[in-house]
There are 2 protein chains.
Amino acid sequence: MSGPKEAQQAAELTYTISELAAEFGITARAIRFYEDQDLLQPERDGIKRVYLRRDRGRLKLILRGKRVGFSLSDIGEMLALYDPNNESREQLKLTLGKSRDRLAILRRQRQDIDEVIAELEDGCRQISDLMETQTETS
Amino acid sequence: MSGPKEAQQAAELTYTISELAAEFGITARAIRFYEDQDLLQPERDGIKRVYLRRDRGRLKLILRGKRVGFSLSDIGEMLALYDPNNESREQLKLTLGKSRDRLAILRRQRQDIDEVIAELEDGCRQISDLMETQTETS
DNA sequence: ATTGACGTTGACGTTAACGTCAATTATCAT
DNA sequence: ATGATAATTGACGTTAACGTCAACGTCAAT
């Protein structure tokens with residue numbers, strides 16, 4: 001037998017749970033929790049979880065979803081849109097509907113964010129001005 | 001004495017808690033909770049809460065903050081930036097710092113949202129195309 | 001005086017998204 | 001073989017943001 005080391009053949013692109021945790025600045029607990037919620041389905045090497053770049057990608061999407069303010073179940077729905085789920089015509093219509101609903105929410109959110117940003121920028125300007133004014137010129 | 005009806009003089013611009021609740025599609029419980037968290041400070045007519053347009057404005061800001069994904073304490077900090085809080089130079093620097101931190105978060109969030117929107121729009125296009133394709137032309 | 005409709009204050013319940021142990025198991029270097 | 005190190009599975013704790021329910025006050029209309 002001339003295998004390099006038994007089972008491990010080629011793909012070196014795997015991650016342990018703590019590697020991912022470190023990379024994304026979260027805890028292993030959180031990652032396991034996402035799995036509990038069916039947002040991740042890592043492989044197993046015996047009992048240990050093995051994450052592939054596919055899983056890493058999904059984790060990235062999960063975290064982006066969180067930053068956007070989505071709940072984990074929201075994120076679950078969105079992730080479902082990405083995998084080979086091209087079902088019946090009815091399913092497609094449903095998916096399309098949900099996507100559009102979410103788009104509406106996102107656009108509203110974007111609008112809100114733009115407003116808050118504008119106000120905060122304005123506030124910062126005013127404070128800066130005020131501070132310049134009251135600066136005792138040396 | 002020729003008063004119109006004792007204490008009530010001119011300002012007709014007040015709201016009851018359930019009026020506000022109805023207008024904004026939330027519950028009175030929520031509004032009272034915001035008060036508990038010092039996000040609102042309505043007047044009182046005896047024991048009953050009386051909201052002025054100022055309070056209504058703050059409530060609007062609170063709800064926008066929520067849509068953006070802020071926690072109530074985040075929102076509290078942001079509201080604090082709006083009232084006559086023009087304190088010492090030190091305070092101003094602090095406020096300015098916090099505002100800029102929050103701006104950074106908001107810009108990141110805006111970025112994330114734009115990405116998700118783009119992907120979802122793309123997904124919708126693909127689904128639409130697919131559905132047109134499989135449409136049996138009548 | 002009574003009946004609703006609305007308002008008030010507790011106080012406890014609930015859900016989401018993990019944190020925080022504890023008890024085990026596997027791995028790896030010494 | 002032996003710790004040290006990292007991983008696993010429960011199980012219970014925690015925080016935020018209200019929901020829900022009970023018990024009570026109030027005010028206008030009947």
Side-chain angles (χ1 to χ4, degrees), chain A residues 5-8 12 14-52 55-56 58-79 105 109, chain B residues 4-8 14-52 55-56 58-79 105 109:
Chain A
K5 213 171 190 187
E6 291 277 22
Q8 188 111 332
E12 184 64 30
T14 76
Y15 312 83
T16 81
I17 194 169
S18 45
E19 280 168 1
L20 285 186
E23 174 176 3
F24 291 109
I26 60 182
T27 66
R29 176 70 177 91
I31 297 181
R32 290 194 200 99
F33 184 73
Y34 299 151
E35 183 176 347
D36 249 50
Q37 309 298 305
D38 293 317
L39 303 183
L40 294 174
Q41 296 99 31
E43 308 290 319
R44 294 275 175 151
D45 172 18
I47 199 182
K48 294 194 169 176
R49 292 170 174 81
V50 176
Y51 298 87
L52 308 175
D55 302 306
R56 185 169 166 282
R58 287 178 74 98
L59 183 51
K60 235 179 196 171
L61 292 178
I62 292 170
L63 297 179
R64 192 181 60 182
K66 290 212 61 182
R67 286 193 306 268
V68 169
F70 287 167
S71 73
L72 293 188
S73 77
D74 284 345
I75 294 175
E77 280 194 31
M78 300 207 39
L79 286 180
I105 296 175
Q109 218 176 324
Chain B
K5 213 173 189 181
E6 292 276 23
Q8 189 111 329
T14 75
Y15 312 84
T16 81
I17 195 169
S18 46
E19 281 170 0
L20 285 186
E23 175 175 1
F24 292 110
I26 60 181
T27 67
R29 176 69 177 92
I31 297 181
R32 290 194 200 98
F33 183 71
Y34 298 150
E35 183 177 346
D36 249 50
Q37 309 298 306
D38 293 317
L39 303 183
L40 293 174
Q41 294 99 31
E43 307 292 317
R44 294 273 175 150
D45 172 20
I47 200 182
K48 295 191 168 177
R49 291 171 173 82
V50 176
Y51 298 89
L52 309 175
D55 302 306
R56 185 169 166 282
R58 287 177 74 97
L59 183 50
K60 234 179 197 171
L61 292 179
I62 292 170
L63 297 179
R64 192 183 59 185
K66 291 210 60 181
R67 287 194 305 268
V68 169
F70 287 168
S71 73
L72 293 188
S73 77
D74 284 346
I75 295 175
E77 280 195 30
M78 299 208 40
L79 286 179
I105 297 175
Q109 220 177 322

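Just so it is clear, the values below take in all heavy atoms, side chains as well, and ignore hydrogens, waters and symmetry mates. The structure presented is a predicted model; accordingly, all values stated were derived computationally and were not measured. Each chain gets a letter, A, B and so on, in the order the sequences are listed, and its residues count up from 1.
- Paired regions of DNA chain D, where each region holds three or more successive Watson-Crick or G-U pairs whose two hydrogen-bonding distances fall under 3.5 Å, are C:1-30 with D:1-30.
- Within the 4.0 Å cut-off from OP1 or OP2 of D:dA7, not a single side-chain nitrogen or oxygen of A:Arg49 is found.
- Here B:Gln37 contributes atom CD and B:Ile75 contributes atom CD1; the two are 10.5 Å apart, rounded to the nearest 0.5 Å.
- Here the closest non-hydrogen pair linking B:Leu40 and B:Glu35 is O-CG, 3.4 Å.
- Annotation: the span from A:Arg32 atom CZ to A:Ile17 atom CD1 amounts to 4.0 Å, rounded to 0.5 Å.
- Atom P of nucleotide C:dG10 and atom CZ of B:Arg32 are separated by 12 Å, given to the nearest angstrom.
- Distance B:Asp45 CG to C:dG7 P: 12 Å, rounded to the nearest Å.
- In this structure, the side chain of A:Ser18 does not engage the main chain of A:Ala21 through any donor-acceptor pair within 3.5 Å.
- The CG atom of B:Leu39 lies 11.0 Å from the CG atom of B:Leu61; values are rounded to the nearest 0.5 Å.
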### Query
How does each nucleotide of nucleotides 11-25 of chain C score, in 5' to 3' order, for protein heavy atoms under 4.0 Å: base (B), sugar-phosphate only (S), or none (-)?
------BBBB-----

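- Judged by distance alone, the side chain of B:Gln109 and the main-chain N or O of A:Gly69 form no donor-acceptor pair under 3.5 Å.
- Not one N or O on the side chain of A:Arg56 forms a donor-acceptor pair closer than 3.5 Å with the backbone of A:Tyr51.
- Here the CZ-CD distance, from A:Arg49 to A:Glu43, works out to 12.5 Å after rounding to the nearest 0.5 Å.
- From B:Arg29, atom CZ reaches atom OH of B:Tyr34 across 10.5 Å, with rounding to the nearest 0.5 Å.
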I'd like a list of close polar pairs between nucleotides 22-24 of chain D and the protein, N/O only, cut-off under 3.5 Å.
none

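- The structure places CZ of A:Phe24 at 9.5 Å from CD1 of A:Ile62, a figure rounded to the nearest 0.5 Å.
- Between the CD1 atom of A:Ile17 and the C1' atom of C:dA26 there is a distance of 15 Å, given to the nearest Å.
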